[in-house]
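Some notes on the structure that comes next.
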Amino acid sequence: MAIRFVLLVNKQGQTRLAQYYEHLPIDQRTALEGEIVRKCLIRTDQQCSFVEHRNYKVVYRRYASLFFLVGVDNEENELAILEFIHLLVETLDRYFGNVCELDIMIHLEKVHFIVEEMVVNGCIVETNKSNILMPIQLMEKAA
């Protein structure tokens with residue numbers, strides 16, 4: 001298993017989306033999120049986008065007012081995860097038309113659905129934006 005969690009966090013440190021691929025009790029998740037978010041938010045733009053925390057390697061990237069954080073195993077390729085984050089943002093942009101924090105808050109279930117189409121059990125299974133968005137577009141047509 002490569003990806004352990006995906007977090008979307010705003011500049012104030014509020015979690016907007018949390019998707020975990022390993023079991024952690026709620027209190028441990030909350031503590032982990034707080035620690036990681038504080039570590040990433042205080043870093044400057046000149047510092048690299050990789051942080052080691054506990055037994056995770058956290059790869060993050062800021063887009064506008066949102067931070068996309070992905071926790072992975074220590075053996076995982078950081079650049080591949082940065083590409084995954086970029087793909088996730090591009091996919092959300094294609095679906096929402098320039099995604100923003102409000103889109104994520106209002107359509108949280110759709111964002112979870114998109115992430116679940118891309119990652120299954122911690123493994124990236126789909127990278128084609130059209131294939132990722134097809135099921136959600138079919139559901140909207142049927143509704």
>> Test of understanding: with side chain to side chain contact (heavy atoms under 4.5 Å, CB included), list the residues that count as partners of V119, not counting sequence neighbours.
In response: I3, Y21, F84, I124

>> List the residues meeting side-chain hydrogen bond (donor to acceptor under 3.5 Å, both in side chains) with E33, not counting sequence neighbours, and say none if there are none.
In response: T15, Y20

>> Checking side-chain contact (heavy atoms from CB on, under 4.5 Å) between L17 and each of L7, L8, V9, which is the one that passes?
In response: L8

> Atom CD in E116, atom CD in E109: separation rounded to 0.5 Å?
Replying inline: 11.0 Å

> Where do I36 and L69 come nearest, in terms of heavy atoms and distance?
Replying inline: CG2-CD2, 3.5 Å

> Does some side-chain heavy atom of R4 sit less than 4.5 Å from a side-chain heavy atom of E22?
Replying inline: yes

> Taking all atoms of both residues into account, what is the closest heavy-atom pair of N74 and N55, and its distance?
Replying inline: ND2-O, 3.7 Å

> Do the side chains of M139 and L108 join up, straight or via other hydrophobic residues, at under 4.5 Å, putting them in one cluster?
Replying inline: yes

>> According to side-chain hydrogen bond (donor to acceptor under 3.5 Å, both in side chains), who are the partners of R16, at least two apart in sequence or on a separate chain?
In response: Q14, E101

> Would L79 and F50 count as a side-chain contact (heavy atoms from CB on, under 4.5 Å) if you check the C-alpha gap in whole Å, the side-chain angles of each, and the deciding distance to 0.1 Å?
Replying inline: CA-CA 10 Å; L79 297 177; F50 319 132; 4.2 Å; yes

> Going from CD on Q137 to OG on S130, what distance comes out if it is rounded to the nearest 0.5 angstrom?
Replying inline: 8.0 Å

Name every donor-acceptor pair, under 3.5 Å, that has one atom in a side chain of residues 59-67 and the other anywhere in the protein, sequence neighbours excluded.
unit_1, atom_1, unit_2, atom_2, d
Y60, OH, R43, NE, 2.9
Y60, OH, C48, O, 3.4
R61, NH1, Y63, OH, 3.2
R62, NE, A64, O, 2.9
R62, NH2, A64, O, 3.4
Y63, OH, H86, ND1, 2.8

> Under the 3.5 angstrom rule, does the side chain of K110 hit a backbone N or O of I136 as a donor-acceptor pair?
Replying inline: no

> M134, M118: one ILVMFWY side-chain cluster at the under-4.5 Å cut-off?
Replying inline: no

>> Applying side-chain contact (heavy atoms from CB on, under 4.5 Å) to K57 and E78, what does each step give before you reach the verdict?
In response: CA-CA 8 Å; K57 190 182 304 179; E78 299 93 344; 2.9 Å; yes

> Should L24 and V37 be regarded as members of a common hydrophobic cluster, given that ILVMFWY residues are connected when their side-chain heavy atoms come within less than 4.5 Å of each other, either directly or indirectly?
Replying inline: yes

>> How close do T91 and K129 get, counting heavy atoms only, and between which atoms?
In response: OG1-CG, 3.3 Å

> Just wondering, do V58 and F5 contact through their side chains at under 4.5 Å, heavy atoms?
Replying inline: yes

>> For E35, give me all partners under side-chain hydrogen bond (donor to acceptor under 3.5 Å, both in side chains), at least two apart in sequence or on another chain.
In response: H53, R54

>> Check for me, please, whether L82 and L87 land in the same ILVMFWY cluster - side-chain distances under 4.5 Å, paths through other members count.
In response: yes

> Within the distance-only criterion (no hydrogens, no angle test), does the side chain of N10 pair as donor or acceptor with the backbone N or O of Q12 below 3.5 angstrom?
Replying inline: yes

>> If I take atom CG from residue L133 and atom CG from residue L138, how far apart are they, to the nearest 0.5 angstrom?
In response: 11.0 Å

>> Show me the pairs that pass ring-ring contact (aromatic ring centres under 6.0 Å, His included) and involve residues 106-127, at least two apart or across chains.
In response: F96-H107

> When hydrophobic residues are tied together by side-chain contacts of less than 4.5 Å, even through go-betweens, does I114 share a cluster with I104?
Replying inline: yes

